[in-house]
Amino acid sequence: ELIWLKDKDGVFLSCNAMFERFIGAREAEIIGKTDYDFIDRNLADFFHDYDRKALAAGKPTTNEEWNTFADDGHRALLEIIKTPMYDSGGKLIGVLGIAHDITDRRQEEIALQLSEKRYRFIVENVGEGIGFVNADEEFVIANSSAEKIFGVGKGELPGKNLKEFLSEEQYMRILAQTKIRKDGQNGNYEFELTRLNGKKRNVIITAVPQFDDNKKFIGTHGIFRDITEQQRAQEVIKLKNEELQKTNTEKDKF
């Protein structure tokens with residue numbers, strides 16, 4: 001951390017070694033001088049304005065700044081807290097500054113945001129339903145394909161429990177599978193859901209259990225695939241084959 005103390009006129013009273021690196025001078029050379037003696041006027045004006053804001057607020061103020069260290073030229077994003085300081089008699093001494101280097105943290109946040117955007121793009125554009133169900137079988141997230149399978153509007157699936165779409169028998173099957181998933185086993189199984197409008201759909205789910213850092217089961221990532229039309233087509237083909245076989249059998253009699 002960079003630490004420094006200025007009087008109310010912006011004159012340095014003390015600083016630590018990290019601040020020396022930032023300014024590019026030893027503490028003995030810094031004390032008694034101001035920002036204007038070490039950095040360009042525009043940046044010094046910027047620092048001075050934030051000093052005055054802290055004094056006017058009468059409490060700590062925070063801002064973020066990209067700054068260049070004078071000792072080696074590297075740039076860093078600093079989170080700066082400036083706090084008015086008073087003596088035991090309540091007289092204003094000046095402003096205490098403490099700066100944290102948050103460059104790595106911000107880069108990690110940006111990387112995470114980009115990762116989340118890519119994940120959301122993939123999830124929203126894949127043809128299969130994708131969702132996360134917590135340990136109580138309640139949807140936490142779901143993509144538009146999952147909402148279509150379950151027959152609900154955009155953003156309506158999170159907060160709903162699987163129980164709302166299943167018969168008692170089907171729900172007990174899900175709970176039985178949950179017990180297996182708690183042991184860390186993935187699962188692929190079929191169930192029949194009933195949409196809120198009463199229509200039934202046959203769905204295959206690939207279920208992947210999720211655990212927290214303490215290895216506690218927290219829910220399931222699910223990939224849902226509606227196979228209703230596929231099964232109907234297979235049933236039609238089956239009936240046609242049976243009819244054809246029956247016709248051929250009758251022909252053989254003659």
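Please read these numbers as outputs of a predicted model, since none were measured by experiment.
Side chain of Asn16 to main chain of Ile3: a donor-acceptor pair is present (N/O by atom type, distance under 3.5 Å, no hydrogens or angles). Under the 3.5 Å distance criterion, the side-chain polar atoms of Asn143 are matched with a main-chain donor or acceptor of Ile130. When atom types are taken as modelled, the side chain of Gln230 and the backbone of Ile227 share no donor-acceptor pair closer than 3.5 angstrom. Checked by atom type and distance alone, the side chain of Asp87 pairs as donor or acceptor with a backbone atom of Gly89 at under 3.5 Å. With hydrogens and angles disregarded, a donor-acceptor distance shorter than 3.5 Å links the side chain of Asn161 to the backbone of Lys163. A donor-acceptor pair under 3.5 Å links the side-chain atoms of Asp7 to the main chain of Asp9, judged by distance alone. Of the possible polar contacts, none joining the Glu27 side chain to the Ser14 backbone as a donor-acceptor pair under 3.5 Å is found. Gln170 places no side-chain N or O within 3.5 Å of a backbone atom of Ser167 that could act as its donor or acceptor partner. Side chain of Asp37 to backbone of Thr34: a donor-acceptor contact under 3.5 angstrom is found.
In this structure, NE2 on His221 lies 4.0 Å from CD on Gln210, to the nearest 0.5 angstrom. Here CD of Glu168 is found 13.5 Å from CZ of Arg173. Values are rounded to the nearest 0.5 Å. Interatomic distance, Ile149 CD1 to Ser144 OG, rounded to the nearest 0.5 Å: 10.0 Å. Here OG1 of Thr103 is found 6.5 Å from CG of Leu78. Values are rounded to the nearest 0.5 Å. Note that CG of Asp101 is 6.0 Å distant from NE2 of His74, once rounded to the nearest 0.5 Å. Within the model, atoms CZ of Arg41 and NE2 of His48 stand 9.5 Å from one another, a figure rounded to the nearest 0.5 Å.
The pair Arg105-Glu79 counts as a salt bridge, with a side-chain nitrogen and a carboxylate oxygen less than 4.0 angstrom apart. Between Asp72 and Arg21 there is a salt bridge, since at least one side-chain N of the basic residue sits less than 4.0 Å from a carboxylate O of the acidic one. Contact check on Lys6 versus Asp35 returns a salt bridge, with a Lys/Arg side-chain nitrogen under 4.0 Å from an Asp/Glu carboxylate oxygen.
Hydrophobic clustering keeps Ile204 apart from Ile174 (ILVMFWY residues linked when any side-chain heavy atoms are closer than 4.5 Å, directly or through intermediates). Tracing side-chain contacts under 4.5 Å through hydrophobic residues (I, L, V, M, F, W, Y), one reaches Ile205 starting from Leu175; they form part of the same cluster. Cluster membership check: Leu96 shares its hydrophobic cluster with Ile93, using side-chain heavy-atom separations under 4.5 Å among Ile, Leu, Val, Met, Phe, Trp and Tyr. Linking Ile, Leu, Val, Met, Phe, Trp and Tyr whenever their side-chain heavy atoms come within less than 4.5 Å leaves Val95 and Phe38 in two separate clusters. Under the 4.5 Å side-chain contact rule for hydrophobic residues, Ile98 and Leu13 share a cluster.
The side-chain heavy atoms of Glu190 and Asn202, taken from C-beta on, include a pair separated by under 4.5 Å. For the pair Leu162 and Phe150, the minimum side-chain heavy-atom distance is below 4.5 Å. Here the side chains of Phe165 and Leu157 are in contact, with some heavy-atom distance below 4.5 Å. Between Arg201 and Arg195, the closest side-chain pair of non-hydrogen atoms falls below 4.5 Å. No side-chain heavy atom of Val140 sits less than 4.5 Å from a side-chain heavy atom of Pro158. Taking the side chain as every heavy atom from C-beta outward, Phe47 and Asn67 approach each other to under 4.5 Å. Considering only heavy atoms from C-beta on, Pro60 stays 4.5 Å or farther from Lys82 through its side chain. Counting heavy atoms from C-beta outward, Trp4 and Ile23 have side chains that stay 4.5 Å or more apart.
Taking each heavy atom of Lys8 and Leu55 in turn, the nearest pair found is O-CD1, 4.1 Å. Taking both residues in full, the closest heavy atoms of His100 and Ile81 are given as NE2-CD1, 4.1 Å, listed atom of the first, atom of the second, then distance. Contact between Ala54 and Pro84 at its shortest, heavy atoms only, is O-CG, 3.1 Å.
Between Phe139 and Phe224, the ring planes lie tilted relative to each other; the angle falls in the 30° to 60° range.
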Pair Phe19, Phe12 - check ring-ring contact (aromatic ring centres under 6.0 Å, His included), show working. CA-CA 11 Å; Phe19 188 79; Phe12 287 105; 5.4 Å; yes
Kindly determine whether Arg26 and Glu29 satisfy salt bridge (charged side-chain N to carboxylate O under 4.0 Å, His left out), including the steps that lead there. CA-CA 5 Å; Arg26 306 295 295 177; Glu29 301 170 306; over 6 Å; no
Please walk me through it: do Asp71 and Phe22 pass side chain to side chain contact (heavy atoms under 4.5 Å, CB included)? CA-CA 6 Å; Asp71 67 339; Phe22 171 67; over 6 Å; no
Please report the C-alpha distance between Leu2 and Phe69 in whole Å, then the side-chain angles of each, then the deciding distance to 0.1 Å, and finally whether the side chain to side chain contact (heavy atoms under 4.5 Å, CB included) criterion is met. CA-CA 11 Å; Leu2 292 74; Phe69 279 67; 4.0 Å; yes
Determine, stepwise, if the pair Lys154 / Glu147 fulfils side chain to side chain contact (heavy atoms under 4.5 Å, CB included). CA-CA 7 Å; Lys154 185 174 180 59; Glu147 292 169 342; 4.1 Å; yes
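Contacts of Ala135 classified as side-chain contact (heavy atoms from CB on, under 4.5 Å), with partners at least two apart in sequence or in another chain: Phe217. Under the rule for a side-chain hydrogen bond (donor to acceptor under 3.5 Å, both in side chains), the partners of Lys200 that lie at least two apart in sequence or sit in another chain are Thr194.
For residues 55-64, the side-chain hydrogen bond (donor to acceptor under 3.5 Å, both in side chains) pairs, not counting sequence neighbours, are Asn63-Glu65, Glu64-Arg106.
More than 12 heavy-atom neighbours from other residues, nucleotides or ligands sit within 6.0 angstrom of CD on Glu229.
A cation-pi geometry, defined here as NZ or CZ lying under 6.0 Å from the six-membered ring centre and within 45° of its normal, holds between Lys53 and Tyr50.
Ring pair Phe191/Tyr171: centre-to-centre distance not below 6.0 Å.
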